[in-house]
**Q** 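Can you read through this structure? Questions will come right after.
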4 protein chains.
Amino acid sequence: MSTKQAGAERRRTFTETARRAQIVDAAAQVMATEGYSGTSIARIASHLGISKGVITYHFRTKDEILRELVLRFFDEGWQHMEPAVDAATGARGKILAWVGSQLEFFSRHRTRFLATGEIMANHRGADGQLAFAEELDEEVTALSGIIVRGQQDGELREFDPRTIATLIVKTSSAVLETWAADPQTDLQAQSAALLDFIDHAIAKEKP
Amino acid sequence: MSTKQAGAERRRTFTETARRAQIVDAAAQVMATEGYSGTSIARIASHLGISKGVITYHFRTKDEILRELVLRFFDEGWQHMEPAVDAATGARGKILAWVGSQLEFFSRHRTRFLATGEIMANHRGADGQLAFAEELDEEVTALSGIIVRGQQDGELREFDPRTIATLIVKTSSAVLETWAADPQTDLQAQSAALLDFIDHAIAKEKP
Amino acid sequence: MSTKQAGAERRRTFTETARRAQIVDAAAQVMATEGYSGTSIARIASHLGISKGVITYHFRTKDEILRELVLRFFDEGWQHMEPAVDAATGARGKILAWVGSQLEFFSRHRTRFLATGEIMANHRGADGQLAFAEELDEEVTALSGIIVRGQQDGELREFDPRTIATLIVKTSSAVLETWAADPQTDLQAQSAALLDFIDHAIAKEKP
Amino acid sequence: MSTKQAGAERRRTFTETARRAQIVDAAAQVMATEGYSGTSIARIASHLGISKGVITYHFRTKDEILRELVLRFFDEGWQHMEPAVDAATGARGKILAWVGSQLEFFSRHRTRFLATGEIMANHRGADGQLAFAEELDEEVTALSGIIVRGQQDGELREFDPRTIATLIVKTSSAVLETWAADPQTDLQAQSAALLDFIDHAIAKEKP
DNA sequence: GATGAATGAGCCTTCATTCAT
DNA sequence: TATGAATGAAGGCTCATTCAT
């Protein structure tokens with residue numbers, strides 16, 4: 001979960017802040033419905049009923065829009081998850097709190113979850129590499145830390161922490177993607193199943 | 001797993017067949033390294049050292065190339081999985097055979113696996129919908145059938161068949177994606193962990 | 001050398017005058033370093049650390065800024081040259097005073113000299129013609145007048161006055177451009193060589 | 001005078017060669033009449049009555065067009081000048097042959113001379129530096145070589161070779177620019193005056 | 001006076017596709 | 001079969017200018 005900010009930010013007026021939020025929101029909506037390559041600046045502008053120029057006035061590049069969308073979403077998500085993870089006790093508890101609170105937060109922001117997924121899977125920097133690979137990695141690393149401590153305390157079985165951390169993150173995403181693709185899905189049930197699986201997979205004692 | 005063919009096919013000469021295969025292969029390689037939006041016809045042509053015209057001569061549209069790439073990969077995959085699934089006995093056995101043989105096949109075709117993933121996540125038809133959503137659904141449906149029979153035979157616990165079928169498919173993909181992103185990953189170990197999880201999740205008796 | 005003013009000018013406050021000068025100066029600096037097409041209003045504004053709006057508030061169009069920059073520079077230049085030319089006696093003396101004082105003045109304002117050069121070489125009016133061709137012509141005409149009188153007085157050889165006047169103006173610019181491009185150049189030496197050349201070229205008697 | 005080529009060049013068909021020449025010619029014409037910043041790909045295309053796409057099909061970037069225009073012009077020019085310079089004897093002879101043949105060649109290609117001037121004065125690379133500064137420098141260096149030998153042979157006065165070489169190149173350009181701006185100008189007369197000047201400026205003995 | 005906001009035209013470039021040879 | 005040639009739409013982005021506050 002990243003807390004980095006996109007460099008020096010000049011002071012912003014109220015209108016500017018509102019416009020930027022509005023544009024980022026529109027970008028998320030277009031991204032969620034039309035997909036990454038269907039999300040052009042022109043499309044975002046017409047979605048808002050404004051001219052393309054407004055967008056390039058408030059954001060210097062398209063990359064800046066996507067970056068803001070993704071990082072803000074991650075920040076908000078982490079701010080929601082952190083208290084839950086802190087409040088939980090034990091490694092198993094913290095991990096279940098992590099996944100559970102993440103599922104809860106993301107599920108309350110379906111559009112932005114979809115948009116973020118599109119961006120992370122497709123957006124590339126000038127070097128041709130995926131632009132947000134690092135962000136995913138940070139989450140895996142953080143989760144690994146919890147796992148390592150759980151193993152030292154004898155609460156968790158022995159296994160490679162990063163492998164399992166990765167698996168947890170990916171399966172969590174998989175559940176959300178399924179639900180996001182078809183909101184009819186009983187997310188509650190799937191979440192429960194997922195948490196049960198994870199707990200079985202990592203606990204030393206049978207849960 | 002789809003067995004559909006890409007529409008009316010005129011008879012093809014040997015050369016034609018070879019050229020098409022060559023183009024589809026090049027498309028897969030570009031797709032795997034450059035991603036969906038980095039895969040233009042021009043890029044595929046220059047990868048092969050031929051002119052763009054050759055490609056549009058053999059394939060009427062870009063969509064036709066991607067369709068052939070995805071469907072052929074699924075067909076080949078199913079041809080590899082089918083004997084394994086048929087040979088296995090019981091629902092649990094068949095499901096483990098399904099996932100296991102799929103992991104095995106896909107892992108032997110990393111490039112095409114990556115390409116297919118890019119296409120399925122991004123390629124959209126004229127209607128703006130993901131073009132291959134249906135194909136994924138077919139696999140879930142087929143798996144669901146096995147699960148239903150397993151529940152009728154008392155071999156599997158009671159749960160919504162589609163929910164779990166979806167989870168199985170997605171987690172399997174997740175494991176492969178992790179490995180494909182970083183081939184250093186010990187796929188053998190991750191596969192074993194995945195199979196173990198699935199078996200625990202679905203079996204009536206403790207395995 | 002032009003003495004025209006940039007059209008109707010309303011009375012200006014002290015602040016207004018200062019702001020305009022500040023903006024024109026910034027424009028000259030950007031022009032000198034970034035070239036004509038690198039000089040946008042946005043770039044000038046950011047060079048001053050102010051908003052674009054300030055500039056378009058004080059100048060109705062970009063053309064007005066460039067016009068003021070060029071004409072003011074020419075006016076200042078002429079105000080510096082005029083006493084020297086007036087004080088000199090004879091055609092040869094006046095011409096050498098003209099070129100010498102011009103070299104001296106321009107060399108003390110390298111940035112504005114460069115900027116003016118960029119603008120005169122590139123800036124075009126709505127009709128597509130170079131906007132300041134006329135200004136150069138005025139200088140040639142004025143110099144021609146001195147030459148004609150020198151020929152009538154028997155001080156200068158016979159030749160087409162405009163041809164030589166043009167050559168004088170251009171070679172003078174050439175020397176300055178060379179120096180401006182690389183301020184290491186020994187301008188003093190080059191100036192001396194230039195003046196010597198001109199005197200030889202026009203004098204009836206060997207100098 | 002540059003003889004460098006713009007990197008690896010694939011084989012070209014007759015049509016391709018013709019189209020490229022046609023486009024470069026059109027670019028020169030637009031450049032000569034509309035100036036550097038008035039020369040857009042769209043304008044070149046409409047000048048030829050073709051679509052913009054034709055141009056970007058034959059040239060990958062606009063820079064490639066301008067590079068070809070400038071370098072080909074320089075190459076042709078040098079091919080015209082070289083025999084004249086080689087045939088001349090002595091430093092004075094070679095320098096006069098240089099300038100004279102250059103004036104002659106450029107004056108026979110007014111449009112391209114103007115276009116090349118616009119490009120060299122304005123075209124910048126990604127680094128923000130003038131893209132063809134080097135080419136000008138090469139000419140000065142070559143001329144300097146002749147001057148140095150002339151000084152060693154006692155044919156030329158003592159002075160800094162590069163300074164005078166630069167002056168020669170610039171004054172030659174100045175004469176051509178004056179004529180190009182107004183083709184009524186008697187180029188013959190101006191050329192003679194220029195050659196006379198140069199000879200006086202550099203010869204040890206009075207010419 | 002000053003500024004933030006918005007606009008629309010234009011820029012270079014990439015692209016899938018069509019067509020004549 | 002293969003290819004070179006051409007097209008027109010769309011991409012992200014910069015720009016001078018206008019306007020309300």
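The sequence lines fix the lettering, A, B, ..., with proteins before strands; numbering per chain opens at 1.
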**Q** In whole Å, what is the span from the CG atom of A/D63 to the C1' atom of F/dG11?
**A** 15 Å

**Q** Ignoring backbone atoms, test whether B/T15 places a side-chain nitrogen or oxygen under 4.0 Å from the OP1 or OP2 oxygen of F/dT1.
**A** yes

**Q** Can you tell which of F/dT7, F/dG12, E/dT13 lies closest to the side chain of A/I41?
**A** F/dG12

**Q** Does the side chain of D/T56 get closer than 4.0 angstrom to OP1 or OP2 of E/dC12 through an N or O atom?
**A** no

**Q** Counting C-beta onward and ignoring hydrogens, is there a side-chain heavy-atom pair between C/L66 and C/Y36 closer than 4.5 Å?
**A** yes

**Q** Could you give the CD1-to-C1' distance, from A/I44 to F/dG12, as a whole number of Å?
**A** 11 Å

**Q** Are any of B/Y57's side-chain N or O atoms less than 4.0 Å away from OP1 or OP2 of F/dA2?
**A** no

**Q** Does F/dA10 have OP1 or OP2 under 4.0 Å away from a side-chain N or O of A/S40?
**A** no

**Q** Side chain of C/K52, base of F/dT17: donor and acceptor closer than 3.5 Å?
**A** yes

**Q** Expressed in angstrom and rounded to an integer, what is the separation of C/E64 atom CD from F/dT17 atom P?
**A** 10 Å

**Q** Which pairs count as side-chain hydrogen bond (donor to acceptor under 3.5 Å, both in side chains) when at least one residue sits in residues 24-33 of chain B, sequence neighbours excluded?
**A** B/Q29-B/H47

**Q** D/Q22 has an atom CD; how far is it from atom C1' of F/dA6, in whole Å?
**A** 13 Å

**Q** Should C/H58 be listed as having a side-chain N or O under 4.0 Å from OP1 or OP2 of E/dG1?
**A** no

**Q** Identify the residue among C/H58, C/R67, C/E68 that makes a side chain to side chain contact (heavy atoms under 4.5 Å, CB included) with C/V24.
**A** C/E68

**Q** May I ask you to say whether B/R124 pairs ionically with A/E34, meaning some side-chain N is under 4.0 Å from a carboxylate O?
**A** no

**Q** Can you tell me how far P of F/dT14 sits from CD of C/E34, to the nearest Å?
**A** 14 Å

**Q** Is a side-chain donor or acceptor of C/E64 paired with a backbone partner of C/R60 at a separation under 3.5 angstrom?
**A** yes

**Q** Name the residue closer to the 5' end of DNA chain E, choosing between B/R43 and A/I50 according to the nucleotide with the nearest heavy atom.
**A** A/I50

**Q** So what's the dot-bracket for DNA chain F: Watson-Crick or G-U pairs under 3.5 Å, [ ] if a pair crosses, | if it pairs off-strand?
**A** .||||||||||||||||||||

**Q** Give the rounded distance in Å between these two atoms: CZ of D/F14 and P of E/dT21.
**A** 16 Å

**Q** Would you say B/L114 and B/M31 make side-chain contact, with heavy atoms under 4.5 Å?
**A** no

**Q** Please confirm whether the backbone N or O of B/G49 pairs with a side-chain atom of B/S46, one donor and one acceptor, at under 3.5 Å?
**A** no

**Q** Are OP1 or OP2 of E/dG4 and a side-chain N or O of A/T13 less than 4.0 angstrom apart?
**A** no

**Q** Measuring to OP1 and OP2 of E/dA2, would you say a side-chain N or O of C/R19 lies under 4.0 angstrom away?
**A** yes

**Q** How long is the line joining CD1 of A/I23 and C1' of E/dA5, in whole Å?
**A** 11 Å

**Q** Roughly, in whole Å, what's the span from CG in A/L48 to P in E/dA5?
**A** 16 Å

**Q** Which sits closer to the 5' end of DNA chain F, B/G53 or C/G38, going by the nucleotide each is nearest to?
**A** B/G53

**Q** Please compare B/S37 and D/K62 by the position of their nearest nucleotide in DNA chain E and report the one closer to 5'.
**A** D/K62

**Q** Decide yes or no for B/F113 and B/F73: does some side-chain heavy atom of the first lie under 4.5 Å from some side-chain heavy atom of the second?
**A** yes

